[in-house]
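So the structure is just underneath, and the comments pick up after that.
Each chain gets a letter, A, B and so on, in the order the sequences are listed, and its residues count up from 1. What's counted below: heavy atoms across the whole structure, side chains too, no hydrogens, waters or symmetry copies.
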Protein chains: 2
Amino acid sequence: MGQASTRSNRSVVYETLRRKVLTLELPPGASLSENELAAALGVSRTPVRESLILLGEEGLVRVFPKVGSFVSRVDAERVADAQFLREAVELAAFDDIPGTLDPDVIAELRANLEQQREPGLDIERFFALDEAFHHGLLRLSGHGRAWSTVVAAKGHLDRARRLGLHETNGVGRFVDEHHAILDAVVSGDISSARASLRSHLRAVFDDIEKTRQRSPELFAADDGTVPVRRSIAVWE
Amino acid sequence: MGQASTRSNRSVVYETLRRKVLTLELPPGASLSENELAAALGVSRTPVRESLILLGEEGLVRVFPKVGSFVSRVDAERVADAQFLREAVELAAFDDIPGTLDPDVIAELRANLEQQREPGLDIERFFALDEAFHHGLLRLSGHGRAWSTVVAAKGHLDRARRLGLHETNGVGRFVDEHHAILDAVVSGDISSARASLRSHLRAVFDDIEKTRQRSPELFAADDGTVPVRRSIAVWE
DNA sequence: TGGACGCTGCTTACATACAAGACCTGCCAC
DNA sequence: GTGGCAGGTCTTGTATGTAAGCAGCGTCCA
């Protein structure tokens, strides 16, 4: 249906698995057998295997040769690495914001924030809007293409945020901070925008740290040991 | 021989291809047929194909379905993206340098600079030392693990540096700048170190820009067209 | 009771066979 | 000469077969 059966099976499998890992539908430690996945997804082992290799390169999956593949544990070190990277990139971008802002991007960002205010906002929808918002901020400075590198590096950070979400008092505060950042940018006060963005990103990270201190078992160090093999039947 | 026939064929093929692409031994536009590579490297198509997929994800190779795979052209936009990223990361790291520096890393950096001064320094050897030096700077701040992300993103930047090298007056100036950076760090003058590092990175980039203006054909935009298929027989 | 050994069943790693599409080349008609 | 069509040959994408290795469990022996 629609336009494209032109997409390769591998792309579809890769994106499916990646989404399920990031949303914790496939939880850390879950077993990812090539055979099982191939059968469940209705393809052969080849595209599944290639997807697992790519996810392994991203750090979302660990492949133990001749033993098995597993969703990687949420590694506190990798979370911190991603936090450092995104903060460095997003703040550096603000230094390059031009005097006159692209009105299309501004309009898009405003529309995005509108949707973040909608009542009963689904949490996955919020994350999608959050991603688009931060990507948009990068585009304002002409560094939009750097976002893909950040995205590829922050898988562990994203999973950590979702882990902590059950214990969070909603995302309203983050939405407020988004508004403050955009307002500062539009008013031309880049220095204030930088400060707002930094404290926003730090708030997100502090939230994660709080979760980690409360539930350290969720952040079990990835020490190279093979997780116990449990069958996780979450394939529709 | 040695310790490990434990390394997988895929790792070997991936690293071999990556090195040859980065050193321009496999020049932009070169054809990378899975069959030819497999025969030349003495393995089957499978590990070759998996390597090409990974290199494609890194942007070093373009895969045209059912048409062919080619070393990607050096894309000026991607060079600029990598420059932005590395500058953001390396400068942000300096903000987190602790008061007392790790003496082991300092010793390693000093030894590294010694080697950069050796007369008759091979250019590839210089690049290796340069990589290790910048990685070491990151490690001083505790953000050493972020280097791998930078490495994965700066393939186009590295190739552009090598393209321009034929027209450069040696690397002595860069070595001097390395010394200035390390001296500033050791003396505790982080502000000065930041300024030195920034101007160093900008100098590298300006060098590339000069090359691009002189020889724009080397930076032909990667417009999605398939390069002409030339057979490149550089397999020992 | 405890430890070692071997079998069984699983896994990934690699090799190969098959499918489907794109490009090029040469022929043919006009 | 020129445009178009057809076929052959290349490509990557996918499926499947084969190999090799780890783990876990049961058994056997001390």
Side-chain angles (χ1 to χ4, degrees), chain A residues 3-17 26 29-58 60-72 223-233, chain B residues 3-17 26 29-58 60-72 223-233:
Chain A
Q3 71 290 15
S5 61
T6 54
R7 301 265 320 287
S8 70
N9 279 352
R10 195 192 78 225
S11 303
V12 175
V13 170
Y14 169 74
E15 284 162 24
T16 300
L17 288 176
L26 282 170
S31 162
L32 297 174
S33 156
E34 292 177 7
N35 271 315
E36 283 183 24
L37 292 178
L41 297 172
V43 296
S44 81
R45 278 170 29 225
T46 303
V48 171
R49 173 178 170 75
E50 291 169 353
S51 298
L52 290 179
I53 290 173
L54 287 173
L55 291 168
E57 208 66 15
E58 242 178 287
L60 295 176
V61 165
R62 275 205 72 169
V63 179
F64 297 88
K66 313 294 180 91
V67 175
S69 301
F70 303 87
V71 178
S72 66
D223 57 357
T225 57
V226 180
V228 292
R229 180 177 298 279
R230 284 164 292 159
S231 113
I232 309 253
Chain B
Q3 72 290 16
S5 59
T6 53
R7 299 267 320 286
S8 70
N9 279 352
R10 195 192 78 224
S11 303
V12 175
V13 172
Y14 169 74
E15 284 163 24
T16 301
L17 288 176
L26 282 170
S31 162
L32 297 173
S33 157
E34 292 177 6
N35 273 315
E36 283 183 24
L37 291 177
L41 297 172
V43 297
S44 81
R45 269 184 59 207
T46 303
V48 170
R49 173 178 171 75
E50 291 168 355
S51 298
L52 290 180
I53 290 172
L54 287 174
L55 291 168
E57 208 67 15
E58 245 179 283
L60 294 177
V61 164
R62 276 205 71 170
V63 179
F64 297 88
K66 313 293 182 87
V67 174
S69 301
F70 304 86
V71 178
S72 67
D223 56 358
T225 57
V226 180
V228 292
R229 180 178 299 278
R230 283 165 292 157
S231 119
I232 309 255

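Checked by atom type, the side-chain pair B/Tyr14/A/Glu57 shows no donor-acceptor distance below 3.5 Å.
The closest side-chain heavy-atom distance from B/Pro227 to B/Phe64 is below 4.5 Å. Counting heavy atoms from C-beta on, the side chains of A/Leu54 and A/Glu58 never come closer than 4.5 Å. Between A/Leu37 and A/Leu52 the shortest side-chain heavy-atom distance falls below 4.5 Å. Considering only heavy atoms from C-beta on, B/Ser51 comes within 4.5 Å of B/Arg10 through its side chain. A heavy-atom distance below 4.5 Å is not found between the side chains of B/Arg45 and B/Glu50.
The side chain to side chain contact (heavy atoms under 4.5 Å, CB included) with B/Leu55 is formed by just one residue from the set B/Leu32, B/Val63, B/Val71, B/Val61; it is B/Val61.
Considering all non-hydrogen atoms of both residues, B/Val13 and B/Pro47 come closest at CG1-O, 4.3 Å.
We find that CZ of A/Arg45 is positioned 12 Å from C1' of C/dT16, with the value rounded to whole Å. Rounded to an integer number of Å, the gap from B/Glu34 CD to C/dC14 P is 15 Å. Taking atom CZ on A/Arg62 and atom P on C/dT11, their separation rounds to 19 Å, with Å as the unit. The separation between A/Phe70 atom CZ and C/dT11 atom P is 9 Å, rounded to whole Å. Put simply, CD1 on A/Ile53 is 11 Å from C1' on C/dC14, counting in whole angstrom units. A/Asn35 has its CG atom 13 Å from the C1' atom of C/dA13, to the nearest Å. Nucleotide C/dA15 holds its C1' atom 16 Å from the CZ atom of B/Arg10, rounded to whole Å.
Listed pair A/Ser33 / C/dT11 meets the phosphate criterion, a side-chain N or O lying under 4.0 Å from OP1 or OP2. Contact annotation: A/Arg49 reaches the phosphate of C/dA13 (side-chain N/O to OP1 or OP2, under 4.0 Å). Between C/dT12 and A/Ser69, a contact under 4.0 Å exists linking OP1 or OP2 to a side-chain N or O.
For DNA chain D, the span of nucleotides reached by chain A at under 4.0 Å from its heavy atoms goes, 5' to 3', from D/dT14 to D/dC22.
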Could you go over nucleotides 20-22 of chain C and give all protein N or O partners under 3.5 Å, atom names and distances?
none

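Side-chain atoms of B/Ser11 do not come within 3.5 Å of backbone N or O of B/Arg7 as any donor-acceptor pair.
A/Asn9 comes within 4.0 angstrom of sugar-phosphate atoms only, judged by non-hydrogen atoms across all strands, and of no base.
For B/Ser8 and C/dA13, a side-chain-to-base donor-acceptor distance below 3.5 Å is absent, hydrogens and geometry of angles not being considered.
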